[in-house]
Amino acid sequence: MSEREERVWEALRGVKFPGMSRDVVSFGFVQSVEAEDGVRVVLRIPTQNPGAGEQIKEEVEKALLALDMGAVEVALDVVLQERPERAQQQAISTDPGLLSGVQHVIAVASGKGGVGKSTVSSNLAVALAQLGYRVGLMDADIYGPSMPLMFGISDKPRVTDTGLLPFEKYGVRLMSLGFVLDIDTPVIWRGPMVMKAIEQLLGDVEWGELDYMIIDLPPGTGDAQLTLTQKVPLTGAVIVSTPQDVALIDARKGLAMFRKVNVPVLGMIENMSGFECPHCDKVVNIFGADGARRTAHVLDCPFLGKIPLDASIVLGGDNGVPVVHDEGPLRESFQRVAHEVIAQVASQAPRGPSFTIS
């Protein structure tokens with residue numbers, strides 16, 4: 001790549017998609033760049049907003065003219081996409097009455113256990129709440145509910161004439177089967193009981209009006225996942241994996257399952273991505289490096305970001321204080337991921353909140 005082309009690519013990375021935090025290069029909208037005699041850029045933009053393409057073209061032209069590299073030509077190919085109703089996006093008809101007050105329902109999943117999916121779910125929910133959104137968190141990990149411990153709640157939920165009242169902590173409304181079962185009670189249930197428990201968490205809890213509902217799923221591609229896709233019009237799914245191949249093999253299966261039932265995959269998160277030694281400050285890639293990013297690229301799936309392997313994340317989960325609640329680089333990591341999720345939701349579904357985040 002020539003020095004002129006590098007300058008053009010760098011300028012294009014400063015052009016954001018309207019209303020989003022990501023640039024046109026990371027979205028893959030830039031098809032080609034020529035910078036030998038003047039500058040010629042080809043854009044191909046799939047969008048549900050007809051005016052977005054022209055707006056991006058104008059911003060790209062402005063950025064390229066500022067380089068003072070001669071004549072500028074921007075070729076634009078806008079691929080208009082119809083916006084289906086959320087309930088029509090599913091392969092199986094969903095129940096529009098469930099979570100009717102929730103704008104965006106996001107499932108957080110993994111192909112296997114032990115990758116930190118519940119940790120990501122809890123911190124993502126708190127990060128969204130810190131950005132000013134109304135957030136709910138449903139612990140649908142029937143066999144191993146973790147949210148009571150991760151939020152430091154040991155009480156039983158209150159019951160009203162209309163249902164269960166969710167707990168609220170760190171700005172998040174949450175409910176888990178762990179709140180109603182004894183901590184040492186094993187869940188030995190067949191499929192129908194699992195499906196019924198999921199339905200009750202969805203329909204018997206007074207969730208109220210929410211901008212985002214994060215649903216922490218159990219590992220795998222079984223009854224809980226299928227029940228959710230059948231019952232709720234999901235905005236999309238987020239796949240959590242560590243960088244290592246053994247986790248990514250199962251992550252691919254989870255991603256394929258959601259695509260098979262027509263649930264958009266919002267992206268992949270790489271958890272436990274590098275450990276910074278507290279003694280020498282060197283980063284050690286205990287589980288490998290960039291595995292989730294490479295997998296996302298191969299599967300044509302957005303990459304939402306990395307979360308490092310850090311002892312404070314573990315301590316926060318064990319002590320009932322999600323690490324994103326405290327100031328520091330780990331909070332920034334989760335908030336960057338939250339911004340990427342918001343951007344992907346905005347590109348997939350109608351906008352949620354009617355207010356502006358300052």
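We use all heavy atoms of the structure for the numbers below, so side chains are in, but hydrogens, waters and symmetry mates are not.
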When you group the ILVMFWY residues by side-chain heavy-atom contacts below 4.5 Å and let the links chain together, are L315 and I153 in the same group?
no
Can you list the residues that meet the side-chain contact (heavy atoms from CB on, under 4.5 Å) rule with [X], with sequence neighbours excluded?
{"X": "E6", "answer": "M1"}
{"X": "A75", "answer": "R40, V42"}
{"X": "D77", "answer": "R44, V79"}

Partner set under side-chain hydrogen bond (donor to acceptor under 3.5 Å, both in side chains) for [X], not counting sequence neighbours:
{"X": "S118", "answer": "D216"}
{"X": "E3", "answer": "none"}
{"X": "Q335", "answer": "Q130"}
{"X": "D290", "answer": "K306"}

Go through the side-chain N and O atoms of E206 and T160 and say whether any donor and acceptor fall under 3.5 Å apart.
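E206 vs T160: donor-acceptor pair found between side chains.
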Which distance, rounded to the nearest 0.5 Å, do you find between the [atom1] of [X] and the [atom2] of [Y]?
{"X": "D211", "Y": "Q103", "atom1": "CG", "atom2": "CD", "answer": "6.5 Å"}
{"X": "T242", "Y": "K117", "atom1": "OG1", "atom2": "NZ", "answer": "13.5 Å"}
{"X": "L12", "Y": "I56", "atom1": "CG", "atom2": "CD1", "answer": "11.5 Å"}
{"X": "I106", "Y": "I214", "atom1": "CD1", "atom2": "CD1", "answer": "4.5 Å"}
{"X": "I249", "Y": "K253", "atom1": "CD1", "atom2": "NZ", "answer": "7.5 Å"}
{"X": "R7", "Y": "S2", "atom1": "CZ", "atom2": "OG", "answer": "10.5 Å"}

Determine, stepwise, if the pair S32 / V41 fulfils side chain to side chain contact (heavy atoms under 4.5 Å, CB included).
CA-CA 6 Å; S32 64; V41 172; over 6 Å; no
Quick one: closest heavy-atom pair of [X] and [Y], and the distance?
{"X": "I239", "Y": "G254", "value": "CD1-C, 4.2 Å"}
{"X": "G236", "Y": "L266", "value": "CA-CG, 3.9 Å"}
{"X": "G274", "Y": "V283", "value": "CA-CG1, 4.0 Å"}
{"X": "L248", "Y": "P243", "value": "CD1-O, 3.3 Å"}
{"X": "E5", "Y": "V33", "value": "OE2-O, 3.7 Å"}
{"X": "M213", "Y": "L99", "value": "CE-CD2, 4.0 Å"}

Taking the side chain as every heavy atom from C-beta outward, state whether R331 and D326 have any pair of such atoms under 4.5 Å apart.
no
Name all residues meeting the salt bridge (charged side-chain N to carboxylate O under 4.0 Å, His left out) criterion together with E276; count only those two or more places apart in sequence or in a different chain, and write none if there are none.
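Once residues adjacent in sequence are excluded, E276 has no partner under the salt bridge (charged side-chain N to carboxylate O under 4.0 Å, His left out) criterion.
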Run the numbers on I342 and L128 for side chain to side chain contact (heavy atoms under 4.5 Å, CB included), then give the verdict.
CA-CA 9 Å; I342 293 167; L128 289 169; 3.8 Å; yes
Residues 166-176, side-chain donor-acceptor partners within the protein, below 3.5 Å, at least two apart:
unit_1: K169; atom_1: NZ; unit_2: F151; atom_2: O; d: 2.8
unit_1: Y170; atom_1: OH; unit_2: G320; atom_2: O; d: 2.9
unit_1: R173; atom_1: NH1; unit_2: W207; atom_2: O; d: 2.5
unit_1: S176; atom_1: OG; unit_2: D139; atom_2: OD2; d: 2.9
unit_1: S176; atom_1: OG; unit_2: G178; atom_2: N; d: 2.9

I'd like to know if the side chain of [X] reaches the main chain of [Y], judged simply by a donor and an acceptor atom lying under 3.5 Å from each other, with no hydrogens or angles considered.
{"X": "N319", "Y": "V321", "value": "no"}
{"X": "T235", "Y": "V105", "value": "yes"}
{"X": "N271", "Y": "S241", "value": "no"}
{"X": "R158", "Y": "L165", "value": "no"}
{"X": "S347", "Y": "Q344", "value": "yes"}
{"X": "N123", "Y": "F334", "value": "no"}

Would I313 and I307 count as a side chain to side chain contact (heavy atoms under 4.5 Å, CB included) here? Give the steps.
CA-CA 10 Å; I313 297 178; I307 305 298; 3.9 Å; yes
Under 3.5 Å, side-chain donor or acceptor atoms of residues 292-305 against the rest of the protein: list the pairs with distances, not counting sequence neighbours.
unit_1: R294; atom_1: NH1; unit_2: A289; atom_2: O; d: 2.9
unit_1: T295; atom_1: OG1; unit_2: G291; atom_2: O; d: 2.9

F258: which residues meet the ring-ring contact (aromatic ring centres under 6.0 Å, His included) condition with it, sequence neighbours left out?
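If we apply the ring-ring contact (aromatic ring centres under 6.0 Å, His included) test to F258, skipping adjacent residues, there are no hits.
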Mind running side chain to side chain contact (heavy atoms under 4.5 Å, CB included) on V135 and L210 for me, showing each step along the way?
CA-CA 6 Å; V135 183; L210 297 173; 5.8 Å; no
Connected to L309, directly or through other members, by ILVMFWY side-chain contacts below 4.5 Å are M272, F275, V284, I286, F287
